Amino acid sequence: MSDCLFQRYRTHVLDALRRIVPDMGEELLARVELTPTREAAHGDMATNAALIAAKPARRKPAEIAAELAAALESVEGVTKAAAAGPGFVNLTLKPAVLQSVARSVLAAGEAYGDSRAGADVKVNVEYVSCNPTGPIHVGHCRGAVVGDVLANLMDKAGFDVTKEFYINDAGAQVAALAWATYWRYLQAIGSTIDAEAFDALTPGGLQYRGEYLIPIGQALAETHGTALADEGGRPAKPEKWFALVKDFAVARMMDGIREDLKLLGVEHGVFTSEAKVLADGVTDRAIKALEDKGLLYEGVLEPPKGKLPDDWEARPQTLFRSTAFGDDVDRPLRKSDGSNTYFANDIGYHLDKVERGAQVLIDVLGADHGGYVSRMKAAVKALTDAKVPLEVLLCQIVHIVRDGQPVRMSKRAGTFVTLRDLLDEVGRDAVRFTMLTRKSDAQMEFDLDAVVAQTRDNPVFYVQYAHARCRSVLRAAEEMLGKEAITPEALLNVPLDGLEADVELALLRRVASWPRTVEGAALAREPHRIAFWLGDLAADFHTLWNRGRDETSLRFLQENDRAATLARVALVAATATAIRSGLAVMGVEPVEEMR
RNA sequence: GCGCCCUUAGCUCAGUUGGAUAGAGCAACAGCCUUCUAAGCUGUGGGUCAUUGGUUCGAAUCCAAUAGGGCGCGCCA
């Protein structure tokens, strides 16, 4: 675990504050923060301590701030502490303190920024969770990346994270998949039945007509020959084939989905089957638990306002009293055929996650599931007596555009629909990084040309370029000083007091803000902050680099000044490490050079 | 009709959970640049934080109402 500058000095602030204003409650002290300043004129850090303390002390903030500043001025490493504005205290640190940040980074390596804030709380992050009825689609892509990076982030922040995928393999959709696969199987064994005839035979009609099921039908034919059909390749009764074909198709679909996700760099630790949760009786147990709490009843729902479904009719059904937990209406658990609704099974699944030890549940869902959130939260609240929180991250739609024009998702027109096509076109790193350049709950345009453009305004490129430049300097430094001189271990012992230029200190300040960025982003469940921090860090590094163009004295490698060179190499190595630490959370590969 | 999310510079977006004079990039304008790694650099202009009210030392941030955009609204997942 790396020590965080801000945490360290915050304890000094609290110590001083306790002396000046005794008897402050813990909850008030918790609101005291020490943050980076927005402007250089305000020093390195600022605290709101005097503003917080003013009320309980019944004193003016400026007064307390002045006393606090006087006390903090004597703290080791502080050159200046000044009251400012409505009652802030600004701290200016000795350059040596900022310089030591480079050493912390080199000592910690990519573990720099690791935090214990999560206190090993068991968090289950469920994401992607698409139907296993076809290849994974670009529509799932944002949730996949957001979920994965959130999980990485929380892991880095000290949570005990499980990455989980829920396989929706129990509903009508997989039944339709089984029928469609069977159709392809019949074709593979030479049956002449056409789509229309089979469509008429299939409950709910033949839904999945995509070519991706052809090889699966063929594989079934190879294994089972004609055994799954009646004579002449005529369709047999479902009893003869349905369960087998369904399981086979789902398994094959999941193989493909797993493979595609792996190309995106997403690997879940746990896959949970809806059918298995159901078969194991967890779902029944969950429903029983709700019943025991008196939260189920037979009732008739009001028809929905606005557009009415064509076949709507009032009907008594088993309802969960979700309104008791903040939902708008009570929700049905059984379909008219007696089977569970998706919601009912999902209640079972969430109980399953809790029974496996999760203390916090996080679902990453598409925005079209927004209407589902309050009922699921209600169910989890009811099941766990509000002991296990369910948090939901909604990801808004991504519009794929090329050159500002929307890309229509049409298979017939040959424009891509699958995640794999997107990855083939722009690459994994561009997809992952770009998906996090917006808050999850904001809509986003994904421009196929812009995300691979090698320009300043492409954050993926800009961050990669910064790392490549760092590596380039380190390679040149190796030429100049020898390999042993610039290992992280060797650089740990290099004097850093030459790093005093404003651009160098600004870079160090940014690097120093990584631990608190990790904690803040993890606690707020906002993985996009990592992408923005990386962009800021890259900008600071490029600024320093560019300054060296005009002022040769600021260049990293100085032929005649070994001490200055070593200090700067340490800074560059620390910067590269910080970038890698951030990219590791993003699941993006750092590059050694741009090509 | 109801619920949830969103509205910040001409454009695309941040804004560290209520802090100081609201910030980047693009575009515009003005200079510079032939390079330690090239895909540029420096500077300038640009704002009623959708609108109105409220909460308090202090609001883009919290609350209420209004306007506009998105999503959802029994047995799809």
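The chains referred to below are lettered A, B, ... by the order of the sequence lines, with proteins before strands, and numbering in each begins at 1. It should be emphasised that the depicted structure is a prediction, and the values quoted were computed from it without experimental measurement.
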Give the rounded distance in Å between these two atoms: OH of A/Y127 and P of B/rA77.
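Value for this atom pair: 24 Å.
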Can you measure A/K377 atom NZ to B/rG3 atom C1' for me and round it to whole angstrom units?
14 Å
Does the ring center of A/F541 lie less than 6.0 Å from the ring center of A/H467?
no
Is it true that [Y] and [X] share a donor-acceptor pair across their side chains at a distance under 3.5 Å?
X      : Y      : result
A/S115 : A/E519 : yes
A/D363 : A/Y166 : no
A/T318 : A/E298 : yes

Classify the nucleic acid contact of [X] as base, sugar-phosphate or nothing, counting any heavy atom under 4.0 Å across all strands shown.
X      : answer
A/R456 : sugar-phosphate
A/Q173 : sugar-phosphate
A/K55  : sugar-phosphate
A/A367 : sugar-phosphate

Using a cut-off of strictly less than 4.0 Å, decide whether [X] has a side-chain nitrogen or oxygen near OP1 or OP2 of [N].
X      : N      : value
A/K335 : B/rG74 : no
A/R549 : B/rA38 : yes
A/Y465 : B/rA39 : yes
A/H528 : B/rG15 : yes

5' precedence on RNA chain B between A/R555 and A/L523 (nearest-nucleotide basis):
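Final value for this comparison: A/L523.
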Mapping A/D441 and A/M594 to their closest nucleotides on RNA chain B, which lands nearer the 5' end?
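Final value for this comparison: A/D441.
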Considering only the [atom1] atoms, how many Å lie between [N] and [M], rounded to the nearest integer?
N      : M      : atom1 : answer
B/rG45 : B/rG31 : C1'   : 15 Å
B/rA27 : B/rU16 : P     : 28 Å
B/rG47 : B/rG40 : C1'   : 29 Å
B/rA24 : B/rG43 : P     : 10 Å
B/rA28 : B/rU55 : C1'   : 42 Å

Heavy-atom donor-acceptor pair, [X] side-chain to [N] base, under 3.5 Å:
X      : N      : result
A/N90  : B/rA20 : yes
A/R475 : B/rU37 : yes
A/R469 : B/rU37 : no

May I ask you to establish whether A/R516 and A/F6 are in a cation-pi arrangement, using a distance under 6.0 Å from NZ or CZ to the six-membered ring centre and at most 45° from the ring axis?
yes
